[in-house]
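A short write-up of the structure that comes next.
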Amino acid sequence: MPREVRVRFAPSPTGLPHIGNIRTALFNWLFARHHGGKFIVRVEDTDQARLVPGSIEAMLDGLRWLNIDWDEGPEVGGPYGPYYQSERLQIYHDLAGKLVTQGNAYHCYCSQKLPSQDSQEQRDRRVSASADCKCRDLTPGEISKLSKGQESKVVRFAMPKEGITRVNDLIRGAVEWRNETLNDFIIMKSDGFPTYHLAVVADDKLMEISHVMRAEEWLPSTPRHLQLCEALGYEPPKYAHLPMIMGSDRAKLSKRHGATAIGEYKDNGFLPEALTNFMVLLGWALDDKTDVVSTQTVIENFTLDRVTKSSAIFDQEKLLWMNGMYIRELTAEQLAGRMTPFLERDLSEDMLPVDQEYLQQIAPLLQERIKSLEESANITSYFFKADEEFDTGTLVQKGMDRDSTLSALKAALDDLSATDDFHQEKLEEMLNATGERLELSRRQFFGVLRTAATGRSVSPPLFEMLEVLGKDRIVSRIKNAVDRFSAAS
RNA sequence: GGGGCGUUCGUCUAGCGGCCCAGGACACCGCCCUCUCAAGGCGGAGAUCAGGGGUUCAAAUCCCCUACGCCCUACCA
């Protein structure tokens with residue numbers, strides 16, 4: 001009988017949640033939901049030096065924003081807790097002791113060498129610092145001399161010197177390493193904390209994790225984990241190494257490639273459902289033609305045999321396109337709601353607060369014209385306040401002169417002042433006739449009005465817009481345009 | 001230096017021996033629609049399937065070699 005699927009996302013609180021980490025979380029979550037299993041969040045805070053306060057909260061916020069819920073972990077607890085490794089130190093300590101007793105690990109008395117302290121030669125040759133360690137073969141006499149009665153807290157795992165370690169990766173297939181190429185890595189640090197390797201193996205076992213799905217960069221450390229399992233008598237979990245996400249230059253995605261933190265995408269006006277859909281496509285595909293796909297459909301079809309092996313470049317352009325697709329699927333009410341925080345953030349004081357009913361009328365006019373919520377304020381500002389500064393010279397359309405422009409404005413002003421029916425069909429009917437009478441093309445006449453009403457040469461279709469703006473705003477804006485244009489010489 | 005993984009249009013990908021002188025999507029170009037801008041529709045350009053050897057009647061698909069890229073090689077994860 002197959003075990004229950006239990007997968008985990010194991011972030012370390014060392015900085016802002018990176019898009020690559022989030023994608024890993026997403027794939028784990030999709031896998032769990034597909035199999036009706038459990039998705040667990042476990043905090044790997046074993047590096048006290050690099051701990052960044054607030055990063056776990058940011059990570060959890062990111063998951064919540066994307067609607068990725070976890071069954072066990074921070075805030076929700078669970079039967080396998082605690083879910084912070086810093087609260088599980090005794091477990092690792094005991095395990096390390098057991099390994100030493102069994103002869104699978106040994107205390108190390110070498111002085112600590114940071115990468116930056118490596119000699120030039122070492123950096124050039126890229127020789128592992130651990131290769132120099134001779135503590136494995138220390139005699140009891142040498143140990144007591146080195147330890148000065150104080151046993152070192154640093155413990156290294158004693159890698160078998162011969163043999164092969166194999167893994168059958170669910171995405172990559174069979175992979176194997178000659179044990180002689182593997183070094184004696186550290187499992188307990190001098191501060192009493194375990195390294196990732198020990199903690200991850202211990203907790204994956206204790207939390208009964210069935211599948212370890214993580215980024216490909218972890219593949220090289222898999223034989224260490226397998227050997228650790230072997231020494232501890234654990235049956236290892238299944239492994240699946242996901243392709244990595246790269247920047248446009250094919251290097252590991254980093255800050256200089258643009259936004260990498262999940263929070264930035266939220267602030268930049270992306271819809272969580274669009275980001276999710278986009279991330280899913282980075283390494284997974286439903287078929288040969290589907291791009292826009294609901295999370296529900298992905299869950300139903302999410303299998304590892306459809307996960308790509310090669311790394312993917314994060315294409316901001318396609319993400320933007322997808323965001324536009326999702327924006328267009330929103331109802332007017334939903335879009336208005338999503339835009340509101342951005343308007344409150346970016347609109348000037350005097351345009352706030354935003355009237356929701358009015359905004360819901362505006363929203364449909366912009367829906368297919370924005371690709372990101374970030375554009376909200378810029379594209380709607382004239383609905384809230386007239387631009388009285390625009391260059392009146394732009395009122396004059398191609399093939400027109402000052403006089404024809406001025407008379408066009410006056411004619412429209414007469415028409416619009418005289419009617420109270422601002423339904424777009426009526427307005428179009430009326431102004432069409434007036435335009436013809438003035439012998440202006442629709443492009444010319446409507447262009448003048450567009451500019452007078454918005455101060456811009458680009459806007460949603462004129463009549464839909466005029467209906468939403470309403471008589472008061474329109475009449476006053478055209479009057480203003482006439483005045484300013486007349487005054488200008 | 002060592003170890004490992006990867007390689008299909010610029011990018012994301014479909015493809016798991018014949019349906020492929022390779023399909024879809026983004027971006028790009030053109031046309032249509034049209035009051036501007038979009039959206040949408042239609043069409044185009046774009047991949048000697050990294051290169052070379054095999055296996056096979058038949059290979060993008062299987063095997064081997066090479067090249068290139070990436071990852072790991074910390075008392076970081």
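In what follows, every heavy atom counts, from backbone to side chain, and hydrogens, waters and symmetry copies are set aside. Computed from a prediction, not measured in an experiment: that's the story for all the values here. A note on names: the letters A, B, ... follow the listed sequences, proteins ahead of strands, and every chain is numbered from 1.
Nearer the 5' end of RNA chain B, as judged by each residue's closest nucleotide, is the contact made by A/Met244, out of A/Met244 and A/Trp218. Summary of the strand contacts: A/Thr181 and A/Glu217 both lie near RNA chain B, and taking for each the nucleotide with the nearest heavy atom, the more 5' one is attributed to A/Thr181.
Remark: A/Glu162 CD is loosely packed, at most 12 non-hydrogen atoms of other residues, nucleotides or ligands lying under 6.0 Å away.
At whole-Å resolution of the value, CZ in A/Arg172 and P in B/C5 are 9 Å apart. Atoms CG (A/Asp169) and P (B/C71) sit 18 Å apart, rounded to a whole Å. Distance A/His225 NE2 to B/G3 P: 20 Å, rounded to the nearest Å. When rounded to the nearest whole Å, the span between CZ of A/Arg166 and C1' of B/G4 equals 15 Å.
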- Task: Given side chain to side chain contact (heavy atoms under 4.5 Å, CB included), test A/Leu359 with A/Phe384 step by step and report yes or no.
- Result: CA-CA 9 Å; A/Leu359 182 57; A/Phe384 304 105; 4.3 Å; yes

- Item | Residue pair A/Asp305, A/Thr303: steps toward the side chain to side chain donor-acceptor pair (under 3.5 Å) verdict | CA-CA 6 Å; A/Asp305 60 346; A/Thr303 50; 2.5 Å; yes

- Query: Which is it for A/Asp137 and A/Tyr106 under the side chain to side chain contact (heavy atoms under 4.5 Å, CB included) test, yes or no, and what are the steps along the way?
  - Reply: CA-CA 9 Å; A/Asp137 303 316; A/Tyr106 56 91; over 6 Å; no

- side chain to side chain contact (heavy atoms under 4.5 Å, CB included) assessment of A/Arg224 paired with A/Asn183: CA-CA 9 Å; A/Arg224 295 172 167 180; A/Asn183 66 354; 3.0 Å; yes

- Task: Evaluate side chain to side chain contact (heavy atoms under 4.5 Å, CB included) for A/Asn432 paired with A/Arg442, printing each intermediate quantity in order.
- Result: CA-CA 7 Å; A/Asn432 239 335; A/Arg442 285 159 68 83; 2.7 Å; yes

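Shown are A/Arg156, A/Met188, A/Lys153; of these, the side-chain contact (heavy atoms from CB on, under 4.5 Å) with A/Cys108 is made only by A/Arg156.
Using a 4.0 Å heavy-atom cutoff across all strands shown, A/Val175 reaches sugar-phosphate atoms only and no base atom. Residue A/Arg50 is classed as a base contact, given a heavy-atom separation below 4.0 Å to a base. Residue contacts for A/Lys189: at a heavy-atom cut-off of 4.0 Å it reaches a base atom on one of the strands shown. If you check every strand for non-hydrogen atoms under 4.0 Å, A/Cys108 touches nothing. Across all strands shown, A/Thr46 has heavy atoms under 4.0 Å from sugar-phosphate atoms exclusively, and none from any base. Residue-level contact check: A/Met246 touches the backbone only, with heavy atoms under 4.0 Å from sugar-phosphate atoms and none from bases. As judged by a 4.0 angstrom heavy-atom cut-off over every strand, A/Arg456 is placed among residues making no nucleic acid contact. No engagement by A/Ser221 is indicated, since no non-hydrogen atom pair under 4.0 Å with the nucleic acid exists.
Not one side-chain nitrogen or oxygen of A/Arg224 sits closer than 4.0 Å to the OP1 or OP2 atom of B/U73. Put simply, A/Arg328 has a side-chain N or O that comes within less than 4.0 Å of OP1 or OP2 on B/G40. Between A/Lys309 and B/C70 there is no side-chain polar atom (N or O) within less than 4.0 angstrom of OP1 or OP2.
Between the side chain of A/Arg338 and the main chain of A/Leu373, no donor-acceptor pair closer than 3.5 Å is present. Formation of a donor-acceptor pair under 3.5 Å by the A/Gln424 side chain with backbone atoms of A/Leu466 is not found in this model.
For the P atoms, the distance linking B/G15 with B/A38 amounts to 35 Å, nearest Å. For the P atom pair drawn from B/C62 and B/A14, the interatomic distance equals 14 Å after rounding to whole Å. When the C1' atom is compared between B/U36 and B/G43, the two are found 25 Å apart, to the nearest whole Å. Comparing the C1' positions of B/U61 and B/U55 gives a spacing of 13 Å, expressed to the nearest Å. When the C1' atom is compared between B/G24 and B/G18, the two are found 22 Å apart, to the nearest whole Å. Rounded to whole Å, the separation between the P atoms of B/G6 and B/A25 comes to 29 Å. Between B/U13 and B/C9, the distance separating the two C1' atoms is 11 Å to the nearest Å.
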Are there any protein N/O atoms within less than 3.5 Å of an N/O atom in nucleotides 34-38 of chain B, and if so, which ones and at what distance?
residue: B/C35; atom: OP1; partner: A/Arg442; partner atom: NE; Å: 2.3
residue: B/C35; atom: OP1; partner: A/Arg442; partner atom: NH2; Å: 2.5
residue: B/C35; atom: O2'; partner: A/Arg450; partner atom: NH2; Å: 3.2
residue: B/C35; atom: O2; partner: A/Arg450; partner atom: NH2; Å: 2.4
residue: B/C35; atom: N3; partner: A/Leu462; partner atom: N; Å: 3.0
residue: B/U36; atom: OP1; partner: A/Arg443; partner atom: NH1; Å: 3.4
residue: B/U36; atom: O2'; partner: A/Ser457; partner atom: O; Å: 3.3
residue: B/U36; atom: N1; partner: A/Arg450; partner atom: NH2; Å: 3.3
residue: B/U36; atom: O2; partner: A/Ser459; partner atom: N; Å: 2.8
residue: B/U36; atom: O2; partner: A/Ser459; partner atom: O; Å: 2.9
residue: B/U36; atom: N3; partner: A/Arg450; partner atom: NH1; Å: 3.4
residue: B/U36; atom: N3; partner: A/Ser459; partner atom: O; Å: 2.4
residue: B/U36; atom: O4; partner: A/Pro461; partner atom: N; Å: 2.9
residue: B/C37; atom: O2; partner: A/Arg369; partner atom: NE; Å: 2.6
residue: B/C37; atom: N3; partner: A/Arg369; partner atom: NE; Å: 3.2
residue: B/C37; atom: N3; partner: A/Arg369; partner atom: NH2; Å: 3.0
residue: B/A38; atom: O2'; partner: A/Glu368; partner atom: O; Å: 2.1
residue: B/A38; atom: N1; partner: A/Glu368; partner atom: OE2; Å: 3.3
residue: B/A38; atom: N3; partner: A/Glu368; partner atom: OE2; Å: 3.2

Might you list the N or O atoms of the protein lying below 3.5 Å from N or O atoms in nucleotides 13-16 of chain B, with each pair's distance?
residue: B/U13; atom: OP1; partner: A/Gly283; partner atom: N; Å: 2.7
residue: B/G15; atom: OP1; partner: A/Arg306; partner atom: NH1; Å: 3.3
residue: B/G15; atom: OP1; partner: A/Arg306; partner atom: NH2; Å: 3.3

Heteroatom pairs (N/O) under 3.5 angstrom, protein to nucleotides 28-31 of chain B:
none

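Partner assigned to B/U48 is none, using Watson-Crick or G-U wobble distances below 3.5 angstrom. The partner of B/C62 is B/G54, judged by Watson-Crick or G-U wobble contacts that both fall below 3.5 Å.
Salt bridge status for A/Arg369 with A/Glu375: absent, with no side-chain N to carboxylate O gap under 4.0 Å. A salt bridge between A/Asp203 and A/Arg8 is absent, with no side-chain N of the basic residue lying under 4.0 Å from a carboxylate O of the acidic one. A salt bridge does not link A/Arg456 to A/Asp387: none of the charged nitrogens lies less than 4.0 Å from a carboxylate oxygen.
For A/Tyr92 and A/Phe193, the ring centers are positioned 6.0 Å apart or more.
Nearest to the side-chain atoms of A/Glu44 among the listed nucleotides B/C26, B/A77, B/G3 stands B/A77. Closest approach to the A/Thr195 side chain among B/C5, B/C75, B/G3 is made by B/C75 (side chain taken as heavy atoms from C-beta onward). Ranking B/G4, B/U73, B/C26 by closeness to the A/Asn183 side chain, first place goes to B/U73. Side chain of A/Tyr196, nearest nucleotide from B/G4, B/A77, B/C70: B/A77.
One finds the CD1 atom of A/Ile56 at 6.0 Å from the OH atom of A/Tyr84 (value rounded to the nearest 0.5 Å).
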